[in-house]
Amino acid sequence: MSRAVDGIEMFKDILHTRFKYKAEKNPLQEALKLILNSVYGCFGDQYNPLYDKKMMRSVCVAGQLLLTDLVEKIEPYCKVLNLNTDGIYFLLEDENNKPILEELVKEWETRTRLDMDWEEYTNIILKDVNNYIIVDDNGKYKGKGAFVKDLNDLDYDLPILN
C-alpha cells in the first residue's frame, strides 16, 4: 500500500470480499479486482494522493523476483512462453507433468503467501508481454494490448489486428 495511506482496513475488506466473490464465481469479483489493481496504478501517478514511486518499484521488483523463483522450479516440466509482473504463460507438452506443476505452484503459494490463478488455453498468439490473444477450448478469445484491441466508434486508434 502507498505510504501516504494511514490505514489499509478498507483495502483489506475489498480484497477479502473479492476473494470470497471469486470463490463463489460471482461476476462482481471482476469489478473489485479492477479497484484493487487500480490502487497499484495510482502509485505511479504524480497527481494522485496515492503517489508513491518507491512502493510502485518495490511491488514490481518483488513480484518479478517471486515469479522468477517459481519459474526456476517449474521450468524443467514445461516451456515458459511469457513472464510478466503478474503472471506466467507456459506450454505443457506432457500432461503427466501437470500434477507436478500443480504441486510446485501450491508449495510456492504457501511459501510466498500469494495465490496463483490457473486458466487453460488451446492457443496463444503472442507479440510481447503486453500484446497477445489467448483462445480457450470453446473458441472464446481474449486480447490484450493496443495491437489487438477491438475497433469502436469512440476510439479512432487503429489496432494492428482487429
If you look at every heavy atom in [X] and [Y], which pair is closest and at what distance?
X: Ile124; Y: Leu81; value: CG2-CD1, 3.9 Å
X: Asp128; Y: Asn82; value: O-ND2, 4.2 Å
X: Thr68; Y: Gln64; value: OG1-O, 2.7 Å

Does [X] belong to the same Ile/Leu/Val/Met/Phe/Trp/Tyr cluster as [Y], with side-chain heavy atoms less than 4.5 Å apart forming each link?
X: Val59; Y: Leu83; result: no
X: Phe19; Y: Val39; result: yes
X: Met10; Y: Leu34; result: no

Let me confirm one number: the [atom1]-[atom2] distance from [X] to [Y], rounded to the nearest 0.5 Å.
X: Asp13; Y: Arg18; atom1: CG; atom2: CZ; answer: 15.5 Å
X: Ile35; Y: Leu15; atom1: CD1; atom2: CG; answer: 12.0 Å
X: Lys140; Y: Asn138; atom1: NZ; atom2: CG; answer: 7.5 Å
X: Phe43; Y: Met56; atom1: CZ; atom2: CE; answer: 10.0 Å
X: Leu104; Y: Cys78; atom1: CG; atom2: SG; answer: 9.0 Å
X: Leu32; Y: His16; atom1: CG; atom2: NE2; answer: 12.5 Å

| Any donor-acceptor pair under 3.5 Å linking the side chain of Asn26 with the backbone of Leu28? | yes
| request: Verify, without hydrogens or angle tests, whether Asn97 (side chain) and Tyr77 (backbone) share a donor-acceptor contact under 3.5 angstrom. | output: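 Yes: the side chain of Asn97 pairs with the backbone of Tyr77.
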Solution key, residues 1-9 side-chain donor-acceptor pairs under 3.5 Å, sequence neighbours excluded:
residue	atom	partner	partner atom	Å
Ser2	OG	Ala4	N	3.1
Ser2	OG	Leu50	O	3.0
Arg3	NE	Asp52	OD1	3.2
Arg3	NE	Asp52	OD2	3.0
Arg3	NH2	Asp52	OD1	2.7

| said: Are there over 12 heavy-atom neighbours, none belonging to Phe11, within less than 6.0 Å of that residue's CZ? | reply: yes
| field | Nonpolar side-chain network containing Val61, other nodes, edges under 4.5 Å | value | Leu65
| message | Measuring only between side-chain heavy atoms, which start at C-beta, is Glu120 closer than 4.5 Å to Asp137? | response |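 They are not in side-chain contact.
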| request: Using side chain to side chain donor-acceptor pair (under 3.5 Å) as the criterion, list what pairs up with Lys20, not counting sequence neighbours. | output: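 Lys20: no side chain to side chain donor-acceptor pair (under 3.5 Å) contacts found.
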Taking only distance into account, with no hydrogens and no angle test, what donor-acceptor pairs under 3.5 Å do side-chain atoms of residues 105-113 form with protein atoms, sequence neighbours excluded?
residue	atom	partner	partner atom	Å
Glu107	OE2	Arg111	NE	2.8
Trp108	NE1	Leu66	O	3.0
Glu109	OE2	Met116	N	2.6
Thr110	OG1	Lys106	O	3.0
Arg111	NH1	Asp69	OD2	2.9
Arg111	NH2	Asp69	OD2	2.8
Thr112	OG1	Trp108	O	2.8
Thr112	OG1	Leu114	N	3.3

| field | ring-ring contact (aromatic ring centres under 6.0 Å, His included) pairs, two or more places apart, involving residues 125-146 | value |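 Of all non-adjacent pairs touching residues 125-146, those that pass ring-ring contact (aromatic ring centres under 6.0 Å, His included) are Tyr89-Tyr132.
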| task | Under the salt bridge (Lys or Arg N to Asp or Glu O under 4.0 Å) rule, collect the residues that match up with Asp117, sequence neighbours excluded. | result |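 For Asp117 the salt bridge (Lys or Arg N to Asp or Glu O under 4.0 Å) partners, ignoring immediate neighbours, are Lys22.
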